[in-house]
Amino acid sequence: MILPPGVHREAFSAALQAFANVVGDQWVFSRDEDIALYNDAYTPFFGEPDKQHVASAAVAPTEVEQVQQIVRIANKYRIPLYTISTGRNLGYGGSSPNYSGSVVLDLKRMNRIIEVNTDEGYMIVEPGVSFIDVQRYFDEHQIDYVPSSPQPGWGSPIGNGLDHGVGNAYGDNFSAVAGLEVVLANGEVLRTGRGALPDSRLWACYHYGFGPYIDGMFSQSNFGVVTKGCFWLKPRWEVSQSFTISSYSDNDMQPMIDALKELRNHEVINGFGIGSPIRQSMATNDGRRPYGVPEVNTLLRRRDGGSSAEWEALAQKTQIPVVEGGGGARGPAPIVKAHLDYAVDFLQRRKVPGTVVMGKPLTTIKPPMIDFGELALSGTSHGHYYFSPIFRQTRDDIFAINDTMRNVMLDAGDFEMIEETGWWASRGFAGGGAGRDKHMLLLMEFRVYDDLDKNRRRRQLFLDLVKACGEKGWGEYRAPVAFHDQVMDQFSFNHHILRRFCETIYDALDPNGILSPGKNGVWPRHLRKA
Amino acid sequence: MQTRVVAALAAMVATFGGVGVPAQQTAAAARAPDPTFEKWCSHCHRSGIYMAGTLGLQRKYNGSKPALLEERDDLTVASVKVFVRHGSNSMPPFRKTEISDAELDALASYLAKQ
Amino acid sequence: MRIAALLFFGTFGTFAGANALAADPQNGKAVFLRWCQGCHEALPGAGLDPPAGTYTLQQRYQGRLPAEIEKRTDLTAAQIRGLVRHGINVMTGFRKTEITDQQLDDLIAYLVKP
Amino acid sequence: MPLPPDVDSKRFAAAMRELRTIVGEQWVFTSEEDVDLYRDAYTPFFGEPEEYIPCGAVAPASVEQVQEVVRLANRHHIPLWPISTGRNLGYGGAAPRLSGTMVLDLKRMNRVLEVNDTLAYALVEPGVSYFDFYRHLRDNNHKVWMDCPDPGWGSLIGNALDHGLGHTVYRDHFDSHCGMEVVLPSGELMRTGMGAMPNNPLWQGFKYGFGPHVSPIFGQSNFGVVTKMGFWLLPEQDEVRSHIISVRRNTDLEAFLDTMSYLVNSGLIDSSWQLVSAIRGSSDSEIRAALAAHAPDAELERLGAAKNLGYWSTRIRFYGPSAVNAARWDYVRKRMATIPDVFFSDGKVYTFPMDTDSVQDEPDDLFAKGGLGIPSLAIFSLGARNGSQGHIFFSPIIPATAREYRKALEVFRQAYADLGLPPLNFVGGWSWYRRTLVLLFNMPITHDIAGNQRMRANYKRLVQIGAEHGWSEYRTAPAFMDDVMEQLSFNNHALRRFHETVKDALDPNGILAPGKSGIWPKHLRGKA
């Protein structure tokens with residue numbers, strides 16, 4: 001067991017005893033084997049003797065009042081806390097704190113579904129409620145709404161929403177947040193938006209409230225401990241259906257993107273993706289099974305990444321398209337049909353080259369589940385973490401970011417990483433509201449291996465990518481805890497004014513610096529680098 | 001205090017028959033339009049069924065004077081300036097960052113034909 | 001319809017504490033369904049993605065042992081306890097706020113065949 | 001002119017001299033004649049000493065000048081009240097909350113910095129009005145439409161920051177913003193979201209950036225001066241059409257709103273819509289007589305049926321390809337058909353591309369142009385008919401359910417009776433925001449001081465009555481900001497105290513918009 005830096009053993013023991021007085025002895029974890037459960041299961045530092053991002057203890061309350069008391073105790077003894085909801089943010093740090101020695105404030109036991117309202121379509125939940133819990137509740141009560149889950153669904157709507165996560169019903173899940181209850185660093189409980197009006201029937205209906213709209217301040221942040229969240233819900237859709245369009249000419253990518261983008265901006269399709277199947281055909285990470293030919297890796301290992309002519313020849317030879325895009329629609333069957341008929345006709349009118357293949361209409365919606373199917377295929381890695389930059393919806397940006405990333409890997413001599421990741425294109429946010437996806441997102445998986453030296457090189461590679469992409473103006477939408485500082489470093493406009501602004505607010509709200517120090521690169525005054 | 005329901009009926013029920021001033025070729029249309037009038041005044045003082053200024057003046061003068069400012073021949077430079085800088089009823093005044101003094105001079109001479 | 005409820009998700013929520021209860025395999029099955037089944041259910045038919053845990057074990061044992069852990073007869077309490085708390089490869093460990101010690105005992109009672 | 005609190009005329013004069021060197025002689029306004037232009041044209045304090053009157057106004061032309069003005073204000077303790085176009089009529093216009101505040105008029109910063117047709121967004125400065133922007137889009141043949149509120153002379157930025165609204169898919173203007181540039185109370189310049197990363201091309205393409213999502217805290221607030229803002233726009237549509245759905249009986253409201261809720265939450269209807277009662281709001285003399293006589297619903301419904309008026313109705317708009325719109329409308333009719341005797345009518349169908357300048361007003365649809373993103377001042381035509389001196393809005397927001405709407409109608413009908421106001425037959429509810437209705441009560445301003453005083457007292461009482469039932473306002477004028485914020489009292493006003501903590505940290509001298517949304521700087525708290 002380690003201690004929070006600067007805290008004496010006696011003070012720490014006294015604090016743990018005080019926590020135990022609040023939540024009961026069995027819900028304060030301080031034995032090594034229990035604390036180990038709060039390590040990042042997919043830590044990039046696997047197996048290394050010098051432990052990073054480790055907790056000193058954990059405490060698991062069930063009530064808001066207990067959270068308030070814990071925060072007050074932490075202030076008294078200057079104990080840094082690190083808040084997790086379900087602690088399943090795997091790939092982005094899991095349950096592990098930014099600041100080693102923090103006590104994990106585990107909210108998993110706060111797992112009540114406070115209200116589900118089918119008149120207006122919202123729910124109010126606590127942080128320990130997972131998407132799977134929500135689905136089960138919906139099933140038991142025959143509620144025809146969709147919890148907007150990512151997969152796997154053991155994460156929580158609150159944790160996922162606050163980390164700007166993505167789900168199937170809304171795409172941008174934070175956009176469906178309509179009000180929060182927050183315990184502040186001083187132990188006071190705050191309700192945002194209409195929740196500030198006692199007995200308001202509008203807490204979950206109307207997000208803004210009156211005056212400054214502050215919900216966003218509590219996302220990717222350490223300004224408070226969120227103890228309740230209001231979420232808008234989408235009714236279950238009758239049918240979803242998607243199509244693909246593929247071609248054997250690199251030049252077709254731009255018209256394809258232009259057309260799909262326009263269809264998306266017009267809300268004809270609810271999301272779109274674009275890729276280069278031949279270039280991606282040998283990638284092995286993220287559970288993909290290689291299905292291409294060895295020449296793919298030969299081309300990808302070259303500085304120039306292969307010419308269009310070479311790729312097109314390879315595509316012809318293997319009959320794997322060089323460009324593929326797709327989109328979809330959901331809703332009542334006749335409306336979906338009208339949308340997709342229009343989309344296909346539009347592609348023809350625009351003379352977008354390529355073969356369109358219409359998928360089958362699906363009447364089922366995949367429920368949230370603990371589904372690691374694809375990960376099992378990736379061999380015996382010890383987990384993974386994600387590099388997830390966002391970039392513009394243009395062919396030039398797609399190729400430029402791929403060239404940049406590939407050259408960083410080549411500079412590092414990491415041919416294996418090139419072969420694992422291949423070539424990336426986009427998954428746009430799907431299913432969002434109006435035009436929510438004016439960007440593309442890629443998720444590059446970094447695997448964790450038995451080879452500790454390789455893991456070290458990979459961490460350096462991650463940082464090199466953050467920096468190289470940052471210089472070109474591509475930033476991450478979310479990052480593993482181990483890299484928060486470096487990612488925030490890239491957001492440097494006017495001498496890092498955004499971070500300094502956040503620090504000013506942090507200092508005012510949390511003068512003792514006890515809430516999640518270092519989260520997303522925001523540190524309390526006494527831990528800030530000069 | 002009188003309270004109204006804004007727009008409710010306007011949106012749903014045709015209560016406006018005959019209230020609007022029909023669009024017609026006016027004397028003013030023959031002149032080159034003043035850019036300030038176009039930019040700032042025309043949204044309420046042209047002809048049309050939802051023109052607040054025109055409707056207000058129609059109500060006020062009830063036919064004794066034209067409801068359209070550009071058809072008036074009794075406006076003076078001074079009176080135009082007063083209305084622009086002080087407003088009248090629900091017409092608010094206009095600031096110098098919106099209509100500069102020079103623009104106001106031009107507007108006033110455009111509207112004041114005397 | 002408004003469904004307001006203060007509903008705990010501890011349908012099998014007996015907490016481990018000073019007075020540990022006797023292990024209950026029925027409760028253990030509920031724990032399995034909630035936390036393990038997603039990765040360790042039976043292999044589906046052809047063309048469908050296999051669940052992660054079952055697939056991995058199938059690859060590992062190549063028929064020497066059942067890939068579906070509910071069909072295993074060789075599992076010991078110590079093995080299950082170790083795997084649940086520490087994980088292996090991409091399988092993560094589970095915290096006591098997720099699977100309590102009592103629930104783990106129940107799970108063991110369900111999976112360990114006498 | 002009133003001076004800022006604790007600033008004497010000598011110091012004020014010195015500050016003005018410095019100010020003139022920053023923005024130029026002619027852009028500092030201190031004469032009574034000029035300062036009058038910054039008073040609220042619709043002030044509820046007409047002719048009373050309580051009226052909020054600025055000490056002057058300053059109109060910078062660039063971000064750098066804004067920064068210098070803000071730094072000067074810190075040095076001289078001169079409070080600033082930023083306005084974009086200053087046309088927030090009905091919600092306070094250009095006037096500050098605290099007399100003696102200097103108006104920071106951003107009208108001269110009126111550049112459209114970027115319009116992107118492919119990604120359908122724009123980046124603008126605060127002085128750009130909806131009229132300006134519309135003209136810019138047309139003059140440059142852009143293939144995007146804006147969403148505008150009913151009065152078109154407001155600023156895109158100012159309206160969005162006050163949580164203003166329009167009619168299309170992008171009617172929630174604040175939600176449609178993406179990326180902000182802000183001059184902080186310290187004078188430092190910040191860009192939010194992806195704008196915090198130099199060279200990032202996604203300032204207007206991704207809202208959140210990395211770390212806390214802070215741009216929303218600059219709406220309805222006094223934490224900074226917004227100098228640039230990005231907005232998402234609607235691409236030019238193939239077709240826009242409207243339809244009216246009406247139900248015959250009062251008791252149909254439940255089924256009607258349930259169905260609307262499903263359709264809106266599913267995204268199948270995505271326009272503003274207004275719940276109205278053509279019967280209860282009718283101008284027909286026979287129906288009005290029946291209403292005055294408190295006729296039972298059956299009688300009203302009989303009269304309505306005879307004149308083909310619904311008890312409850314709404315107009316919805318569809319944006320998109322013609323075939324998709326037709327499929328949507330078929331589906332909406334199918335869902336609505338479960339309500340007996342529901343009836344429908346069709347508004348005009350607009351097919352694009354067409355010249356939007358050629359769009360004519362529609363006699364039965366005041367919002368026809370607004371629904372196409374064409375700005376106008378048509379809404380003021382309503383006031384022109386009664387010769388009002390202006391108006392102020394009481395605008396509580398309630399859940400869009402029949403139960404809450406009926407309750408609100410009853411509560412406010414009773415309140416009107418108790419306050420001695422004219423009988424309230426009905427109040428329309430605007431669903432701009434999904435899941436809610438904004439009830440818009442228009443309180444006319446008069447030049448009768450006693451009348452205005454009664455109106456203010458009534459307004460405050462209505463705010464309280466609303467709060468007693470869990471309803472509050474979505475927006476209000478400075479005269480009532482304290483009253484509205486006062487109702488948001490959960491945990492001993494934790495929200496206001498949170499805002500105050502942030503305010504004190506960002507603006508220790510309390511120079512930015514003291515009192516805005518009920519947030520006061522430390523030295524004025526509880527005193528103003």
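All of these numbers come straight from a predicted model, not from anything done at the bench. Numbered from 1 within each chain, the chains take letters A, B, ... in sequence-line order.
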Subject >> Side chain / backbone / both / neither for D:T476 at chain A, heavy atoms under 4.5 Å >> reply: both

**OP:** Can you label the angle between the A:F501 ring and the D:F218 ring as parallel, tilted or perpendicular, going by 30° and 60°?
**Re:** tilted

Subject >> Under 4.5 Å from a heavy atom of chain A, the part of D:L161 involved >> reply: neither

Original post:
If you count heavy-atom pairs under 4.5 Å between each of D:L119, D:N116, D:L233 and chain A, which one has the most?
Top reply: D:L119

Original post:
Hey, what's the ring geometry for D:F206 with D:Y208, parallel, tilted or perpendicular (30° and 60° as the breaks)?
Top reply: perpendicular

Original post:
Can you tell me if A:R191 uses its side chain to pair, donor with acceptor, with the backbone of A:E181 under 3.5 Å?
Top reply: no

Subject >> For chain D, the option from A:E471, A:R392, A:E262 that forms the most heavy-atom pairs under 4.5 Å >> reply: A:R392

Original post:
What part of D:T118 gets closer than 4.5 Å to chain A, counting heavy atoms only: side chain, backbone, both or neither?
Top reply: both

**OP:** Would you check if there is a donor-acceptor pair between the side chains of A:N98 and A:W523 at a distance under 3.5 Å?
**Re:** no

Original post:
Should the ring pair A:F223 and A:Y506 be called parallel, tilted or perpendicular, given that the plane angle runs from 0 to 90° and is split at 30 and 60?
Top reply: tilted

Original post:
With only heavy atoms counted, which part of D:L202 is less than 4.5 Å from chain A, the side chain, the backbone, both or neither?
Top reply: side chain

**OP:** Name the region of D:R475, side chain, backbone, both or neither, that has any atom closer than 4.5 Å to a heavy atom of chain A.
**Re:** backbone

**OP:** Give, as side chain, backbone, both or neither, the part of D:L234 having an atom under 4.5 angstrom from any heavy atom of chain A.
**Re:** neither

Original post:
Which atoms of D:L257 come close to chain A, meaning under 4.5 Å heavy atom to heavy atom: side chain ones, backbone ones, both, or neither?
Top reply: neither

**OP:** Would you mind checking which part of D:E468 comes under 4.5 Å of any heavy atom in chain A, side chain (CB onward), backbone (N, CA, C, O), both or neither?
**Re:** neither

**OP:** Working to the nearest 0.5 Å, report the span between CD of D:E239 and OH of D:Y319.
**Re:** 12.0 Å

Subject >> Per-residue contact mode, D:Y331 against chain A (heavy atom under 4.5 angstrom) >> reply: side chain

Original post:
So which of D:D270, D:D172, D:N265 actually passes side-chain hydrogen bond (donor to acceptor under 3.5 Å, both in side chains) with D:R434?
Top reply: D:D270

Subject >> Engaged part of A:Q393 at the chain D interface, taking heavy atoms whose separation is under 4.5 Å >> reply: side chain

